[in-house]
Amino acid sequence: MKRYSAFAIAREALRNHTGWERAWASPEPKPRYDAIIVGAGGHGLATAYYLGKNHGIRNVAILEKGWLGGGNTGRNTTIIRSNYLQDPSAAIYEKARSLYETLSQELNYNIMFSPRGVMMLAQTEHEVRGYLRTAQANALQGVSTEFIPPKRVKELCPIIRLDGPRYPVLGALWQARAGTARHDAVAWGYARACSDMGMHVIQNCEVTGIRREGGRVVGVDTSRGPIDCDKLGIVVAGHSGRLAEMAGFRLPIESVALQALVSEPIKPVMDVVVMANTVHGYMSQSDKGEMVIGGGADGYNNYTQRGSFHHVEETVRALIETFPMLSRLKMLRWWGGIVDMTGDRSPIISKTPVEGVFINCGWGTGGFKAIPGSGWAMAELMARGEPGPLAAEFSLGRFREGRFIDESVAAGVAH
Ligand SMILES: Cc1cc2nc3c(=O)[nH]c(=O)nc-3n(C[C@H](O)[C@H](O)[C@H](O)COP(=O)(O)OP(=O)(O)OC[C@H]3O[C@@H](n4cnc5c(N)ncnc54)[C@H](O)[C@@H]3O)c2cc1C
């Protein structure tokens, strides 16, 4: 694979861009792989990448029923932060955030990581107490966050109205090295690196069955024929319940549509990410100038990857209290993705009752930020057959044993 560089851009400019190679190959499936990953979203691709990079396992296929990055990875609002409350969560999200810092250089692919800072507004006394507690926990976990007063909130984000009609801004939890990245580029960068290691990224290949013999996996049935494997990683977000059913076990997961929307593009008005959990909405400005707005999850389980008018109306109505300037903007488009929600709002990275089958799911409304850390931990689990320190607490067994990792506050707003 040719490396991207300033020199390559200049060379291609001179020869009318005729020399670029395809970023990844599109091979036919082989009859057998050492490991198969189902789902070419960010988590599946990152798992494959770290299997190859950290553990030398390269006879790997990543099977995707649609196009890579076409699930939640290409539908999210790209917020990256690690200011979670519980120790296991802070550890994996901070690992991911720190990998994001140098991911463009590592993959030789510009993922446009922008550590512009994320603030979570405190708009009730209850939230103030909650975020002070999180700031203290983060200090002990080595995650750099601080609770800032309203004056500082206004300095960082002048378009905020501090004395809204229902909920004044009483302060915010601020993480200066949090931010955003280009979501498609994260998937494309990992796919290119996997392909470069000789792995097969196979699109339009739906897994329709999981074959087992004597309690262990031997392969999968797909829309392009059967494929054998020694190890299988299920990394399909909202479709996890369906894949688990194929393998013969059940998951404590619900699938719902989560929605987001963007406004027409405007000149730069905001260079931080703001989350307003009490009124329920969050916002950042994209490089194109659109205001990227996160809405809520549907109140009922479903598999529709669509947006709906009432979410647009509810979300914008709520956000206008804190950002009055929004009332003069036109909303351009809206969409939805199927998110995989666990009861404690924490992920599952785990062995399963079927030997050789591993699962990574339950990232719900907030897994984009976790992609590099999750892939790292899942690859370790698949390579060794046992979880490493990052994944140990996120086993399926916690639901049986009552060892929940309650992140319903940190993950409360939908992202
Ligand atoms: C509107 C919205 C906003 C969000 N905002 C944020 C945010 O700001 N920050 C954040 O951190 N997170 C956010 N999230 C959550 C985040 O997008 C997800 O947690 C993350 O992208 C999940 O990645 P994934 O790789 O697990 O899943 P996906 O990207 O969904 O990938 C799973 C893939 O599996 C494939 N698949 C399913 N079934 C099969 C099958 N049978 N065979 C083959 N392939 C199959 C799917 O086609 C899909 O491509 C948001 C989500 C949504 C929907």
Side-chain angles (χ1 to χ4, degrees), residues 36-48 61-82 84 93 96-97 100 118 178-181 183-184 186-187 190 201-210 220-224 232-247 255-262 273 275 282-284 292-298 303-307 311 315 334-341 347-349 359-371 373-375 378 411 413-415:
I36 287 179
I37 309 291
V38 192
H43 289 260
L45 290 160
T47 300
I62 306 112
L63 308 183
E64 166 55 50
K65 72 172 178 168
W67 67 97
L68 69 87
N72 294 343
T73 299
R75 294 164 189 267
N76 69 78
T77 45
T78 78
I79 297 177
I80 295 169
R81 61 184 177 90
S82 59
Y84 281 67
Y93 287 105
R97 198 205 57 76
Y100 265 124
V118 172
T180 59
H183 46 16
D184 309 302
V186 172
Y190 275 124
V201 183
I202 304 171
Q203 304 182 71
N204 297 314
C205 182
E206 178 169 3
V207 171
T208 52
I210 296 177
V220 291
D221 294 322
T222 78
S223 52
R224 293 171 69 171
L232 182 69
I234 300 175
V235 197
V236 295
H239 293 87
S240 301
R242 292 199 54 234
L243 269 288
E245 201 179 353
M246 291 178 202
S255 293
V256 295
L258 174 69
Q259 303 195 15
L261 56 144
V262 290
V273 182
M275 295 163 54
Y282 58 93
M283 193 163 79
S284 63
V292 181
I293 299 172
D298 284 355
Y303 285 94
T304 57
Q305 286 184 305
R306 276 198 311 237
H311 268 291
T315 306
W334 61 96
W335 64 90
I338 317 289
V339 295
D340 39 342
M341 313 284 281
I348 298 169
I349 308 173
I359 190 146
N360 179 340
C361 64
W363 294 98
T365 59
F368 175 71
K369 62 179 72 63
I371 284 172
S374 153
M378 178 72 171
V413 73
H415 77 100

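Here the structure is a predicted model, which is why all the values come from computation and not from measurement. Atoms within each ligand, like the ligands themselves, are counted from 1 in listed order. Sequential numbering from 1 along the given sequence is applied to the chain's residues.
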Open item on the list: Looking at Asn360 and Met378, would you say the former's side chain and the latter's main chain have a donor-acceptor pair under 3.5 Å?
Closed with: no
Task: Proximal atoms of ligand 1 relative to Gln259 (non-hydrogen, under 4.0 Å) - done: 1 (C)
Open item on the list: Under a 4.0 angstrom heavy-atom cut-off, which atoms of ligand 1 come close to His239?
Closed with: 37 (C), 38 (N)
Open item on the list: Any nitrogen or oxygen of Ile79 lying under 3.5 Å from a nitrogen or oxygen in ligand 1? Just yes or no.
Closed with: yes
Open item on the list: Could you tell me, atom by atom, which parts of ligand 1 come under 4.0 Å of a heavy atom of Trp363?
Closed with: 19 (O)
- [ ] Measure Arg242 to ligand 1 on non-hydrogen atoms and call it side chain, backbone, both or neither using the 4.0 Å cut-off.
- [x] neither
Open item on the list: Under 4.0 Å, heavy-atom basis, I'd like to know which part of Trp334 is in contact with ligand 1: side chain, backbone, both or neither.
Closed with: neither
- [ ] Could you tell me whether Thr365 and ligand 1 have an N or O pair separated by under 3.5 Å?
- [x] yes
TODO: Heavy-atom contacts with Ala260 under 4.0 Å: which atoms of ligand 1 show up? List them by number with element.
DONE: 1 (C)
- [ ] Return yes if some donor-acceptor pair links the side-chain N/O of Thr208 with the main-chain N/O of Asp221 below 3.5 Å, else return no.
- [x] yes
- [ ] Check Leu63 against ligand 1 and report side chain, backbone, both or neither, counting heavy atoms closer than 4.0 Å.
- [x] backbone
Open item on the list: Once you restrict to heavy atoms under 4.0 Å, what part of Val38 touches ligand 1? Side chain, backbone, both or neither.
Closed with: side chain
Open item on the list: With a heavy-atom distance limit of 4.0 Å, tell me whether Thr78 approaches ligand 1 through its side chain, its backbone, both, or neither.
Closed with: backbone
Open item on the list: Under 4.0 Å, counting heavy atoms only: does Leu243 come that close to any atom of ligand 1?
Closed with: yes
TODO: Work out whether the distance between some heavy atom of Gly364 and some atom of ligand 1 is less than 4.0 Å.
DONE: yes
Task: Contact check: Val207 vs ligand 1, nitrogen or oxygen atoms, below 3.5 angstrom - done: yes
Open item on the list: Would the distance check show the side chain of Thr222 and the main-chain N or O of Val207 forming a donor-acceptor pair, the cut-off being under 3.5 Å?
Closed with: no
Task: Atom of Ala181, atom of Ile80 and distance for their closest heavy-atom approach - done: CB-CD1, 3.7 Å
Open item on the list: Is it the case that the side chain of Asp340 and the backbone of Ser240 share a donor-acceptor pair, with hydrogens and angles ignored and the cut-off at 3.5 Å?
Closed with: no
- [ ] Take every heavy atom of Gly238, measure it against each atom of ligand 1, and state whether any distance is under 4.0 Å.
- [x] no
Task: Contact (N/O only, under 3.5 Å) between Glu206 and ligand 1 - done: no
Open item on the list: If we only consider heavy atoms of Gly42, is any one of them less than 4.0 Å away from an atom in ligand 1?
Closed with: yes
Open item on the list: Between Ser255 (side chain only) and Ile338 (backbone N and O only), is there a donor and an acceptor less than 3.5 Å apart?
Closed with: no
Open item on the list: Closer than 3.5 angstrom, by distance alone: can the side chain of Glu64 be matched with the main-chain N or O of Gly66 as a donor-acceptor pair?
Closed with: yes
- [ ] Assess whether side-chain hydrogen bond (donor to acceptor under 3.5 Å, both in side chains) is satisfied between Asp298 and His311, documenting all intermediate values.
- [x] CA-CA 8 Å; Asp298 284 355; His311 268 291; 3.0 Å; yes
Open item on the list: Is it the case that the side chain of Trp335 and the backbone of Gln259 share a donor-acceptor pair, with hydrogens and angles ignored and the cut-off at 3.5 Å?
Closed with: no
TODO: Keeping the roles fixed (side chain from Gln203, backbone from Leu68), state whether a donor-acceptor pair exists under 3.5 Å.
DONE: yes
Open item on the list: Under a 4.0 angstrom heavy-atom cut-off, which atoms of ligand 1 come close to Gly337?
Closed with: 53 (C)
TODO: With heavy atoms of His43 as the reference, note each atom of ligand 1 found under 4.0 Å away.
DONE: 22 (C), 23 (O), 24 (P), 25 (O), 26 (O)
Task: Sub-3.5 Å N/O-N/O distance, Ile338 and ligand 1 - done: no
- [ ] Determine whether the side chain, the backbone, both or neither of Ala257 has a heavy atom under 4.0 Å from any heavy atom of ligand 1.
- [x] neither
Task: Lys369-ligand 1 polar pair, N/O distance under 3.5 Å - done: yes
Open item on the list: Quick check: closest heavy atoms across Ala96 and Gly373, and the distance to 0.1 Å?
Closed with: CB-N, 3.5 Å
TODO: Please name the pair of heavy atoms, one in Arg242 and one in Tyr303, separated by the smallest distance, quoted to 0.1 Å.
DONE: CG-OH, 4.0 Å
TODO: Say whether Trp335, considering both its backbone and side-chain N or O atoms, lies within less than 3.5 Å of an N or O atom on ligand 1.
DONE: no
Task: Side-chain (Arg75) to main-chain (Gly336) donor-acceptor, under 3.5 angstrom - done: yes
TODO: Can you figure out which of Asn76, Ile293, Thr77 has its heavy atom closest to atom 50 (C) of ligand 1?
DONE: Asn76
- [ ] Can you sort out which atoms of ligand 1 are near Cys205, meaning under 4.0 Å from one of its heavy atoms?
- [x] 43 (C)
Task: Result of checking Trp363, Phe368, Tyr190 against His43 for ring pair (Phe, Tyr, Trp, His ring centres under 6.0 Å) - done: Trp363
Task: Candidate with minimal heavy-atom separation from atom 27 (O) of ligand 1, of Gly44, Gly66, Gly41, Ala237 - done: Ala237
- [ ] Have a look at Ile80, Thr222, Val235 and point out the one with the heavy atom closest to atom 32 (C) of ligand 1.
- [x] Val235
- [ ] Using a cut-off of 6.0 Å, state whether more than 12 heavy atoms not belonging to Arg224 lie near its atom CZ.
- [x] yes
